[in-house]
There are 2 protein chains.
Amino acid sequence: MQKQQYLSKNQKIVLDHVEKANQPLKAYSILYNVQKKGLKAPLQVYRALDKLVEIGKIHKIESRNAFVACKNSNCLVSNATAFSICESCEKVTEINNSKLSKYLSNFEDNSGMKYSKYNLEFFGLCKKCKNK
Amino acid sequence: MQKQQYLSKNQKIVLDHVEKANQPLKAYSILYNVQKKGLKAPLQVYRALDKLVEIGKIHKIESRNAFVACKNSNCLVSNATAFSICESCEKVTEINNSKLSKYLSNFEDNSGMKYSKYNLEFFGLCKKCKNK
DNA sequence: TCGTATATTGTTATAATATAACGTTATGTA
DNA sequence: TACATAACGTTATATTATAACAATATACGA
């Protein structure tokens with residue numbers, strides 16, 4: 001069986017829903033909202049999310065246990081992700097900065113470990129919240 | 001009341017336990033292990049962990065929902081953290097690299113957001129696991 | 001087109017992680 | 001002492017995620 005090219009029914013439904021949101025969504029909020037489309041159980045959502053994360057269509061914001069659609073067209077595989085997170089309004093933005101990604105992808109320390117993947121989360125106040 | 005200088009009883013017990021482990025610990029595993037010292041409920045552990053994270057004595061490994069003692073003496077506040085995580089043996093090491101921390105602390109993109117904090121997690125295979 | 005392997009689905013139950021809400025006790029400082 | 005804040009203890013519950021099992025769908029080589 002070759003590597004999957006097309007998304008399955010459930011995967012499409014979940015991706016669709018996450019793409020329409022412009023903020024990270026919680027798994028159970030996704031579940032609630034796709035129930036009218038036939039996904040009844042948490043596992044159906046989690047399985048779709050797992051796959052979508054694996055192929056890079058969706059990223060998980062680890063510090064928030066939430067999922068957001070990839071906005072980064074060249075992010076075919078989700079192995080190098082960076083986000084900014086506003087600690088006031090919780091707005092999350094995917095950072096697409098080639099210098100940063102180059103720097104981190106090539107980063108090596110003295111541990112003898114070669115990194116194949118990273119996830120970076122920046123926290124602070126977004127423009128709006130800073131000016132309040 | 002001035003800013004807390006000394007740890008409370010529960011905070012000491014939890015920190016002590018986490019420091020003795022050389023790997024990240026899960027909250028409920030900490031709970032189980034400190035029950036003989038009088039902490040009976042999850043909340044007692046979580047409250048101590050929250051405080052210890054806040055003052056930088058402990059870091060949370062977000063992708064693993066686990067807690068590890070800070071090995072970085074100059075990491076007084078836990079606002080700039082980086083870890084390497086072996087995806088095979090789950091060994092976690094705190095990265096202490098001044099170039100990296102300088103680069104990330106000064107990082108700015110075009111979002112108008114000034115970051116006050118970051119957390120970076122690298123994934124890969126550690127030396128041992130790579131040679132298997 | 002049949003056989004086989006893998007991916008996906010559906011379902012119920014349950015595990016693992018974390019917080020709400022309440023009242024009490026301790027501690028620092030004016 | 002009086003007040004404010006921090007920490008504690010306790011019960012209940014919310015939130016996040018996976019185990020286990022059986023069925024169906026899809027890709028692809030023989």
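Below, chains carry the letters A, B, ... as their sequence lines are ordered, and counting in each starts from 1.
- The listed nucleotides are D/dG9, C/dT8, C/dT17; the one nearest the side chain of B/Asn10 is D/dG9.
- Of all non-hydrogen atoms in B/Ala69 and B/Glu94, the two that sit nearest each other are O-OE1, 4.2 Å.
- Residue A/Lys40 is the one, among B/Asp50 and A/Lys40, whose nearest nucleotide of DNA chain C lies closer to the 5' end (criterion: closest heavy atom).
- If you take CD of B/Gln44 and P of C/dA18, they are 17 Å apart, rounded to a whole angstrom.
- Counting heavy atoms from C-beta outward, B/Phe122 and B/Ile85 have side chains that stay 4.5 Å or more apart.
- A sub-4.0 Å separation between OP1 or OP2 of C/dT17 and a side-chain N or O of B/Lys26 is present.
- Atom OH in A/Tyr32 sits about 17 Å away from atom C1' in D/dT15, given to the nearest Å.
- Regarding A/Tyr6, its OH atom lies at a distance of 15 Å from the P atom of C/dT8, rounded to whole Å.
- Regarding contacts with the backbone of D/dA17, a side-chain N or O of A/Asn65 is found under 4.0 angstrom from either OP1 or OP2.
- Comparing D/dT11, C/dT11, C/dT8 by their closest approach to the side chain of B/Leu43 singles out D/dT11.
- The A/Ser8 side chain lies nearest to C/dT9 when the options are D/dT16, D/dA17, C/dT9.
- A pairwise comparison of heavy atoms in B/Cys70 and B/His59 identifies SG-NE2, 3.3 Å as the closest pair.
- Checked against D/dG9, D/dA17, C/dT9, the side chain of B/Lys9 finds its nearest nucleotide in D/dG9.
- Checking A/Gly38 against B/Ser29, the closest nucleotide of DNA chain C that is more toward the 5' end is the one next to A/Gly38.
- At whole-Å resolution of the value, CG in A/Leu31 and P in D/dT18 are 15 Å apart.
- One atom, CG of B/Leu7, and another, P of C/dA26, lie 19 Å apart when rounded to the nearest Å.
- A/Arg47 has its CZ atom 9 Å from the P atom of C/dG10, to the nearest Å.
- Distance A/Gln11 CD to D/dT26 C1': 13 Å, rounded to the nearest Å.
- Nearest heavy atom pair, residue B/Val92 against residue B/Ile61, reads CG1-CD1, 3.9 Å.
- Of the candidate nucleotides D/dA7, D/dA17, C/dT8, C/dT8 has the atom nearest to the side chain of A/Lys51.
- Looking at heavy atoms from C-beta onward, A/Leu49 lies in side-chain contact with A/Ile30 at the 4.5 angstrom threshold.
- Looking at B/Tyr28, its side chain has no donor and acceptor atom pair within 3.5 Å of the base of C/dA15.
- What separates CZ of B/Arg64 from C1' of C/dT17 is a distance of 16 Å, to the nearest Å.
- Of the candidate nucleotides C/dT11, C/dT9, D/dA17, D/dA17 has the atom lying nearest to any side-chain atom of A/Lys60.
- Shortest non-hydrogen contact noted between A/Val45 and A/Ala27 is CG1-O, 3.8 Å.
- Taking only side-chain atoms of A/Tyr46, from C-beta outward, the nucleotide of C/dT11, D/dT16, C/dT8 with the closest atom is D/dT16.
- In the set C/dG10, C/dA18, D/dT11, D/dT11 carries the atom at the smallest distance from any side-chain atom of B/Ala41.
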